[in-house]
Amino acid sequence: MVNLEDLKKEAKAVLEEGKVKYIIGYEKSANGLMPVPGFIKSPEEVEKLIWTPACVYNLTKFLVDEKRRKSREKKPDERPVGLVVKGCDSRALIVLLQEKFINRDDVFIIGVSCEETGVIDEKKFLKKLKGKKAEKIEFDEKDNFMVTTQEGKVKVAASEVLAERCLECKANSPLIYDVILGEKVKRSMDNPFQSLEKLESLSEEERWKFWKEQLSKCIRCYACRSVCPMCYCDECVADTINFAVTADTTAEEKAQKIKWLEKSPVKSENFVYHLVRAIHLAGRCIDCGECERVCPLDIPIRFLNKKLEKDAKELFDYEAGFDPEQASLVSSFKDEDPEDFIR
Amino acid sequence: MEKVLDKKSFPQWVTKLSSYKVYAPVQEDEAWNYEVITNPEKVNLDFPNTVLSPKKIIFPQREVYLEFSSSDEDGLELKEVLPEEEPSVIFGVRPCDARALALTDKVFSGDFEDIYYWKRRNQVALVGLACSVPPSPNCFCLSVDGSPFSTEGLDILMSDLDSKYFVEVFSKKGEQLINAAKTLFKPATEKDKKELEKNRTEAKKRISRQIQNIKKIPPVLKGMFDSPFWDEESMSCLRCGICTYLCPTCHCFDINDEVLSSSPLKGRRIRTWDNCQFPDFTMHSSGHNPRPDKASRLRQRIMHKFQYFVDRYKNYQCTGCGRCISRCPVGIDIIEVLDKVSSYEG
């Protein structure tokens, strides 16, 4: 099991040695069970770090911020940032390295293994507690979480409250790291594409109806885009005007900018947004599930990514986030690539 | 007017309102939202906070201003599109959300009356439901001059008294709703009133979250525009639009022309919600963006609600519903931010 004290010790050591600028990890929130992303800048602050089954966030997203911030500084601090990553998060990191968005030297990776469980789905968890207020949740033995409520401690079977993506996990411990905490053990419960079975069994009409209803709910808050570590473009088709406009952009260039989608949150425009988002993640999404977690309208958008992940696997035997040296799916070609779907 | 209504008679009341478009909270999957009701038996007033407030009915996320097309004489033909005027009633409005509409009323009136807003607003009756139990763990209405049984902005307030509702009526619109089913309502007795008072005292105690020193916040904010505080506080912000779109008081909008066909020219001018957390909200056509980063956007959200709006309308532009706290993907908590503001020493 990951020992929190060891995590703090490692974090403290690199901060004291001045090896990292700061550390991005999980911190206790002032209110509630869910932690918040923490930015630890001094050795004293490492006491704030926590590691619990509620550490759901994929913190690699903050590397995108860090890169932007650094590019604006005149004399940037060239030291890496420390980053706490789970197995799934480490796959996101591998994709960012593969795409040369970040350099390996820019990040000091503190890996934490989920061992035989994973992280919780907050909604499932609250349902399971039936109104009781949880004060604390901890990893217990291999299949359980220990939950402290006002009425005492209860054991909860991890399989009942785990996030959906954890039930389909492909990497329960970090694949890339500078230090690692916890055991690299094999999990038994993984079945990579089980969640798709129900949708895949529906007819085309039924699926169309399903997505029409779901995507019509979208209010275009763009939280799914904002939380995704792979959504790092400076310019996004979803914005009416964007970062790529500078003082040097001519009026003609501005006038010729194609408007891909309207701001109206109506079915057609929502479809354009969500399909563009999904396609841009083909062969890149590592299924951290953050897009679906943050959706305020509970749209099951993870299915779109998951289906593309399955296609990549079945058609091209490609899996994202395992090898930073691998050529990316959309930029590589093999003679034996199937083409029977091209019509 | 004070009445009581047997809970069992509630569906009958809704049935009698057949000349109205009736909205009530409906659960779909895990989420609750206000939707049009066709079966009064299905109205369930035992619900947590809805994802969106009734703002989405009176100030919809998208509406058409006008339609344009090219006319014969090389000119443009414009056709104004106004909202349909339908008498409507929304049941289960939380007092905080009703107060939010009362605040938005101020914004859309004054020097310029926004007819799109008022055409809907004038047609809608708001039937509130007092919160005997806080509908969210992040409720903090008491800190921002509200209460779980505030009547501001409401036509009727219903309060749960076990087997019946205590019904208070504050307007003509409200009286009309009662008159549609007069026989169902009984006069409230002294005993009912006593019970109501007791419930209200209890309800207040159940709200656990509060802002410290709220009075200090507007003046302190005045000196914080250039503070590094905002960089610190916004470190974990993802730049999504959840906090503002879900806010019952946020009312910023954008106007765009949507071209359906370029030849012959045909299209419409639409208004949609806009969001101060998005990069294009303040983007100038020159490429300059006066709010270039998330720090300046978090500052704007807080300053607008707790300084600019207070200066202008003498109210906080926040009614303590807690949605922005509960739904923030990274747990940014407006109460915590404000508590740090009130103890800030530059």
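Not measured: the values here are computed from a predicted model. Naming convention: chains lettered A, B, ... in sequence-line order (proteins, then strands); numbering from 1 in each chain.
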Q. Chain B heavy atoms under 4.5 Å from Cys224(A): which part of the residue, side chain, backbone, both or neither?
A. neither

**Q.** Best-contacting candidate, Arg327(B), Arg62(B), Glu258(B), Arg323(B), against chain A by heavy atom pairs under 4.5 angstrom
**A.** Glu258(B)

Q | Neighbour count above 12 (heavy atom, 6.0 Å) for Lys70(A) NZ | A | yes

Determine all donor-acceptor pairs shorter than 3.5 Å in which one atom belongs to a side chain in residues 48-55 of chain A; sequence neighbours excluded.
from     : atom 1 : to       : atom 2 : distance (Å)
Thr52(A) : OG1    : Ala54(A) : N      : 3.0

Q: For chain A, find which of Asn33(B), Asn256(B), Ile242(B) contributes the most heavy-atom pairs closer than 4.5 angstrom.
A: Ile242(B)

Q: Name, in order of residue number, those residues of residues 268-276 of chain B that have a heavy atom at a distance of less than 4.5 Å from a heavy atom in chain A; otherwise write 'none'.
A: Ile270(B), Thr272(B), Trp273(B), Asp274(B)

Q: Find the one option among Ser264(A), Pro265(A), Pro37(A), Gly38(A) whose heavy-atom pairs under 4.5 Å with chain B are most numerous.
A: Ser264(A)

(Q) Nearest 0.5 angstrom please: Ile325(B) CD1 to Ser29(A) OG, how far? (A) 11.0 Å

**Q.** Atom CG of Asn39(B): over 12 foreign heavy atoms under 6.0 Å
**A.** yes

Q) Which atoms of Glu63(B) come close to chain A, meaning under 4.5 Å heavy atom to heavy atom: side chain ones, backbone ones, both, or neither? A) neither

Q. With only heavy atoms counted, which part of Val64(A) is less than 4.5 Å from chain B, the side chain, the backbone, both or neither?
A. neither

Q) To the nearest 0.5 Å, how far apart are OG in Ser236(B) and CZ in Phe62(A)? A) 5.5 Å

Q. Of the backbone (N, CA, C, O) and the side chain (C-beta and beyond), which part of Gln277(B) lies under 4.5 Å from a heavy atom of chain A, both, or neither?
A. neither

Q. Considering only heavy atoms from C-beta outward, does the side chain of Leu52(B) approach that of Ile219(A) to under 4.5 Å?
A. yes

Q. In Å, rounded to the nearest 0.5 Å, how long is the span from SG of Cys231(A) to CG of Leu238(B)?
A. 11.5 Å

**Q.** Side-chain heavy-atom pair Ile332(B), Val36(A) within 4.5 angstrom cut-off
**A.** no

Q: Side chain from CB out, backbone as N, CA, C, O: work out which of these in Asp257(B) comes under 4.5 Å of a heavy atom of chain A, or both, or neither.
A: backbone

Q. Do Asp65(A) and Arg239(B) meet the salt-bridge criterion of a basic N to acidic O distance under 4.0 Å?
A. yes

Q. Is it the backbone or the side chain of Lys294(B) that comes under 4.5 Å from a heavy atom of chain A, or both, or neither?
A. side chain

**Q.** Which atoms of Glu27(A) approach chain B - backbone, side chain, both or neither, heavy atom under 4.5 Å
**A.** neither

Q: Sequence neighbours left out, what passes side chain to side chain donor-acceptor pair (under 3.5 Å) with Gln61(B)? Give chain and number order.
A: none

Q.
Quick check on the structure: residues of residues 243-252 of chain B within a heavy-atom distance below 4.5 Å of chain A, by number.
A. Tyr245(B), Leu246(B)

Q. Relative to chain A, which of Asp254(B), Val259(B), Asp293(B) shows the most heavy atom pairs under 4.5 Å?
A. Asp254(B)

Q) At a heavy-atom separation under 4.5 Å, does Val51(B) approach chain A through its side chain, its backbone, both, or neither? A) side chain

(Q) Counting heavy-atom pairs under 4.5 Å with chain B, which one of Met34(A), Arg220(A), Lys217(A) comes out on top? (A) Arg220(A)

Q) Contact part of Lys133(A) toward chain B, heavy-atom cut-off under 4.5 Å: side chain, backbone, both or neither? A) neither

Q: For atom CD of Glu73(A), decide whether the heavy atoms of other residues, nucleotides or ligands shown that lie under 6.0 angstrom number more than 12.
A: yes

Q) Roughly how far, to the nearest 0.5 Å, is CE of Met235(B) from OH of Tyr22(A)? A) 4.5 Å

(Q) Testing the basics here: between Ala30(A) and Glu336(B), what is the closest heavy-atom pair and its distance to 0.1 Å? (A) CB-OE2, 3.3 Å

Q. Should the heavy atoms of other residues, nucleotides or ligands under 6.0 Å from NZ of Lys123(A) be counted, would the total exceed 12?
A. yes

Q) Quick one: does Asp239(A)'s side chain get under 4.5 Å of Pro279(B)'s, heavy atoms only? A) yes

Q. So what's closer than 4.5 Å to chain B heavy atoms on Lys61(A): side chain, backbone, both or neither?
A. side chain

Q | Separation of Phe278(B) CZ from Cys236(A) SG (nearest 0.5 Å) | A | 10.5 Å

Q) Does atom NZ of Lys128(A) have more than 12 heavy-atom neighbours from other groups under 6.0 Å away? A) no

